Amino acid sequence: MTLHEIVALANKGQIFSAQFIKKNGEIRDMVCRLGVVKHLKGGELKYDAKARNLLPVFDMQKKAYRMINISTLRQLKISGQVYKF
């Protein structure tokens, strides 16, 4: 599944869960959403997240922005529908 397809599945602001493998090898479950701008402090990323196959999300539990590596994504749950990779 491409980054564009994932973004299309999770409408802007919709809460969803993602399971992926972190850089250190741990499996992480995260409740997150796309399109959150409330906590931005200005400035821009110094790299292109899309080019690095990263999805910027807002972690609802930690109240912070995080990046999900699309290539290590294992599962998404959006509106009760589970998508496994």
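Everything numeric in this text was worked out from a predicted model, so none of it was measured. These values consider heavy atoms only, across backbone and side chains, with no hydrogens, waters or symmetry-generated copies.
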Spatial distance of atom CD1 (Ile70) from atom CG (Leu55) [nearest 0.5 Å]: 4.5 Å
Between CG of Asn53 and CG of Leu73, what distance do you get to the nearest 0.5 Å? 10.0 Å
Are the side chains of Tyr47 and Arg52 in touch, meaning some heavy atoms are under 4.5 Å apart? yes
In the single-linkage hydrophobic clustering (I, L, V, M, F, W, Y; side-chain heavy atoms under 4.5 Å), do Ile27 and Leu76 co-cluster? no
Quick one, Ile78 and Tyr83 - any side-chain contact, counting heavy atoms below 4.5 Å? yes
Taking the side chain as everything from C-beta on, heavy atoms only, tell me whether Ile21 gets closer than 4.5 Å to Arg74. yes
Please report the interatomic distance CD(Gln75) to OG(Ser17), rounded to the nearest 0.5 Å. 6.5 Å
Do the non-hydrogen side-chain atoms of Phe20 and Asp29 ever get within less than 4.5 Å of each other? no
Nearest 0.5 angstrom please: Leu34 CG to Phe58 CZ, how far? 12.5 Å
Can you find a heavy atom in the side chain of Ser79 that is under 4.5 Å from one in the side chain of Gln14? yes
Whether Arg33 engages the ring of Phe16 as a cation-pi pair (distance to the six-membered ring centre under 6.0 angstrom, angle to the ring normal within 45°) should be assessed. no
Hey, are Arg28 and Asp59 close enough for a salt bridge, meaning a charged N less than 4.0 Å from a carboxylate O? yes
Could you tell me the separation between the CE atom of Met60 and the CZ atom of Arg66, rounded to the nearest 0.5 Å? 13.5 Å
From NZ (Lys23) to CE (Met67), nearest 0.5 Å: 11.5 Å
